[in-house]
Amino acid sequence: MYLNLSADEILNNLTQIAAEPYERAKEWKMETGSKIIGCYIMHFPEELLHAAGILPIVLQVKEEPITSGHAYYPSYFCGPTRSVVDQAAKGELDFLDAFVGGDYCIQAVGGSEVVGNLLPKVNNMFFRLPVGNQPWTQGDIVQGLKELKRDTERFTGKEINADSIRESIRIYNKNRSLIRELYELRTSNPGILSSSEMMSIIKSSMLIPKEEHNAILESLLPKLTEQKDSKRQDAVRVFLSGSFCGAPKNEILSLVEESGAVVVGDDLFHGFRYVSDNIREDDREPLEAIAAHYIDKNTNVPCPTRCDPKTDWPQYLVDSMRKHKADQLVIVMAQFCEPHMFFYPDIKDAMQTAGIPHLLLEISHELDSIETIKTRLEAFVEMAV
């Protein structure tokens with residue numbers, strides 16, 4: 001179906017999927033009669049859930065102001081967690097058959113509990129992911145995976161065998177590899193994909209069957225490669241960092257580029273962080289491979305919620321700036337994001353030591369200061385011209 005479409009038409013379709021995040025999943029449910037499980041943003045073994053014959057989707061932050069959710073979750077918690085609670089309170093997540101929460105930050109733990117209470121007819125599960133990187137960590141992750149596997153088998157009524165997990169790993173690895181190819185193409189051809197388009201590619205991959213998304217990307221890649229003569233080689237090169245849970249608002253991404261910059265790399269969750277590393281496809285037990293993946297990918301793109309003493313996120317950002325030949329770093333911090341706020345002083349010191357100009361944008365869910373953000377971005381980018 002996508003073979004006869006142009007690159008722009010394919011990108012427009014993916015943008016539409018991202019803009020209406022649950023519509024394609026609902027269609028898939030009607031077409032197949034199968035079940036959908038919602039994953040509460042970040043750090044979930046989608047491969048294990050996919051192997052059960054269900055569709056795992058990553059719950060998304062919506063652009064709409066939070067209304068009903070105020071009755072269930074305090075306004076001083078981060079926008080991503082409040083948005084998901086708000087969706088549950090409004091009945092927008094009633095199409096789910098199951099929901100899985102996690103414990104990677106205190107706000108996510110509380111949000112998971114609230115959503116579980118707001119969805120009494122939805123099977124409620126939990127993935128216990130230990131933080132850190134100690135000799136016992138991988139074994140503890142495996143135990144958490146076994147617990148989730150047990151709960152998923154009870155929910156579906158069928159066993160998840162090792163071969164089905166390996167096949168799901170292969171499918172998800174292919175998706176990550178294809179998206180990394182797009183990243184390589186964009187790095188060498190600045191502007192060939194806007195940051196909003198790249199985010200739509202990643203967000204859509206979180207929302208539709210990976211098999212379908214793989215077919216879309218296999219059609220898109222050669223079409224983009226044919227038009228890889230970018231016209232923005234002289235633009236200010238910016239690296240984007242932050243937004244660990246929810247996707248940055250399109251207005252922010254557009255403002256970066258409208259200010260005269262081009263995004264050449266990122267460590268966003270709705271970005272390179274989501275696809276940075278494949279799960280090893282070898283003879284090891286698949287749950288062991290998935291557990292190792294959580295440790296390996298945190299080495300590739302450190303996450304402050306993992307509290308890994310063997311990684312250095314500030315130094316990773318310095319190295320990434322040099323790798324992408326970026327001129328400036330723009331940090332997008334969700335308001336009230338405690339893990340990010342905790343690490344920012346170290347990042348600031350590392351940037352100053354390395355002589356790298358950076359701009360911190362602390363973004364509220366309601367985005368009530370768009371003109372101020374625009375002025376700050378324009379002034380910041382102009383410094384590098």
Side-chain angles (χ1 to χ4, degrees), residues 2 5-21 60-61 63 175-176 178-208 213 216-217 219-243 246-276 320-321 323-332 359 361 363 367 370 373-374 376-378 380-382 384-385:
Y2 291 93
L5 299 182
S6 68
D8 286 342
E9 289 171 328
I10 294 174
L11 290 169
N12 286 337
N13 284 341
L14 295 177
T15 298
Q16 186 63 31
I17 292 171
E20 299 178 354
Q60 300 294 317
V61 176
E63 300 284 330
N175 190 256
R176 286 185 279 258
L178 288 168
I179 295 176
R180 289 200 302 271
E181 286 187 47
L182 288 171
Y183 266 96
E184 292 172 5
L185 186 63
R186 186 179 71 161
T187 298
S188 58
N189 299 273
I192 195 170
L193 282 170
S194 70
S195 50
S196 292
E197 288 170 334
M198 182 60 79
M199 186 181 71
S200 292
I201 290 169
I202 304 255
K203 184 183 284 191
S204 59
S205 78
M206 298 174 171
L207 297 166
I208 67 176
H213 203 260
I216 295 172
L217 296 184
S219 179
L220 175 63
L221 262 165
K223 292 179 171 66
L224 282 177
T225 302
E226 290 173 1
Q227 60 182 52
K228 64 181 182 180
D229 51 326
S230 171
K231 298 179 180 179
R232 304 204 63 191
Q233 294 286 353
D234 297 328
V236 175
R237 298 168 66 90
V238 162
F239 188 92
L240 283 178
S241 177
S243 291
K249 291 182 181 290
N250 277 309
E251 295 99 316
I252 301 298
L253 299 178
S254 297
L255 283 176
V256 172
E257 289 159 336
E258 290 169 7
S259 299
V262 61
V263 176
V264 294
D266 68 68
D267 71 350
L268 309 176
F269 175 57
H270 286 72
F272 192 71
R273 185 180 296 278
Y274 185 67
V275 301
S276 65
S320 295
M321 293 288 295
K323 175 183 175 182
H324 291 87
K325 300 178 181 178
D327 303 303
Q328 297 179 320
L329 173 68
V330 173
I331 300 172
V332 183
L359 175 67
L361 300 175
I363 308 298
L367 206 62
I370 190 68
I373 293 171
K374 178 181 178 181
R376 293 182 65 204
L377 274 169
E378 289 174 347
F380 180 63
V381 171
E382 189 173 330
V385 176

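In this chain, numbering begins with 1 at the start of the sequence shown.
The shortest non-hydrogen separation linking Ser259 to Val381 is O-CG1, 3.3 Å. Closest of all the heavy-atom pairs between Lys223 and Ala7 is CD-N, 3.8 Å. Considering all non-hydrogen atoms of both residues, Leu255 and Lys374 come closest at CD2-CG, 3.8 Å. Here the closest non-hydrogen pair linking Met199 and Asn250 is CE-OD1, 3.4 Å. Glu9 and Leu5 make their closest contact through OE1-CA, 3.2 Å (heavy atoms, listed as atom of the first residue, atom of the second, distance). The minimum heavy-atom distance linking Leu207 with Ala18 is given by the pair CD1-CA, 4.5 Å.
The side-chain heavy atoms of Ser195 and Val256, taken from C-beta on, include no pair separated by under 4.5 Å. For the pair Arg176/Glu181, no side-chain contact is recorded, criterion being any heavy-atom separation below 4.5 Å from C-beta on. Side-chain contact between His270 and Gln60 is present, with at least one heavy-atom pair separated by less than 4.5 Å. Residues Asp327 and Val238 have side chains not in contact (no heavy-atom distance under 4.5 Å, counting atoms from C-beta outward).
Between the side chain of Asp266 and the backbone N or O of Ser241 there is no donor-acceptor pair closer than 3.5 Å. Ser188 contributes a side-chain N or O that, together with a main-chain N or O of Leu185, makes up a donor-acceptor pair within less than 3.5 Å. Using a distance-only test at 3.5 Å, with no hydrogens or angles considered, a donor-acceptor pair links the side chain of Ser204 to the main chain of Ile201. In terms of modelled atom types and a separation under 3.5 Å, the side chain of Thr187 and the main chain of Val264 share a donor-acceptor contact. A donor-acceptor contact shorter than 3.5 Å is absent between the side chain of Arg237 and the backbone of Val262. For the pair Glu197 (side chain) and Ser194 (backbone), a donor-acceptor distance under 3.5 Å is present.
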Fill in: Stepwise side chain to side chain contact (heavy atoms under 4.5 Å, CB included) check, Leu361 with Leu377
CA-CA 9 Å; Leu361 300 175; Leu377 274 169; 4.2 Å; yes
Item to complete: In sequence, state the C-alpha distance, the side-chain angles, and the governing distance for Ile10 and Ser219, and then conclude on side chain to side chain contact (heavy atoms under 4.5 Å, CB included).
Response: CA-CA 9 Å; Ile10 294 174; Ser219 179; 3.6 Å; yes
Worksheet item: Which is it for Val330 and Val263 under the side chain to side chain contact (heavy atoms under 4.5 Å, CB included) test, yes or no, and what are the steps along the way?
Response: CA-CA 10 Å; Val330 173; Val263 176; over 6 Å; no
Worksheet item: Can Leu359 and Arg376 be said to form a side chain to side chain contact (heavy atoms under 4.5 Å, CB included), step by step?
Response: CA-CA 8 Å; Leu359 175 67; Arg376 293 182 65 204; 3.2 Å; yes
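Once rounded to the nearest 0.5 Å, the distance linking CG of Leu224 with CG of Leu220 reads 4.0 Å. Atoms CE and OH, on Met206 and Tyr274 in that order, are 5.0 Å from each other to the nearest 0.5 Å. Taking OG of Ser196 as the reference point, atom CG of Leu253 lies at 4.5 Å (rounded to 0.5 Å). Here the CD1 atom belonging to Ile370 is positioned 9.5 Å from the NZ atom belonging to Lys249, to the nearest 0.5 angstrom. Note: Ile179 CD1 to Leu217 CG = 5.5 Å, rounded to the nearest 0.5 Å. With rounding to the nearest 0.5 Å, the separation of CD in Glu20 from OG1 in Thr15 is 11.5 Å.
The aromatic rings of Phe239 and His324 sit tilted, their planes meeting at an angle between 30° and 60°.
Residues that satisfy the ring pair (Phe, Tyr, Trp, His ring centres under 6.0 Å) test with Tyr183, not counting sequence neighbours, are Phe272. Taking Lys323 as the reference, nothing meets the side chain to side chain contact (heavy atoms under 4.5 Å, CB included) condition, with sequence neighbours excluded. Asp267 is linked by a salt bridge (charged side-chain N to carboxylate O under 4.0 Å, His left out) to Arg273, counting only residues two or more places apart in sequence or in another chain.
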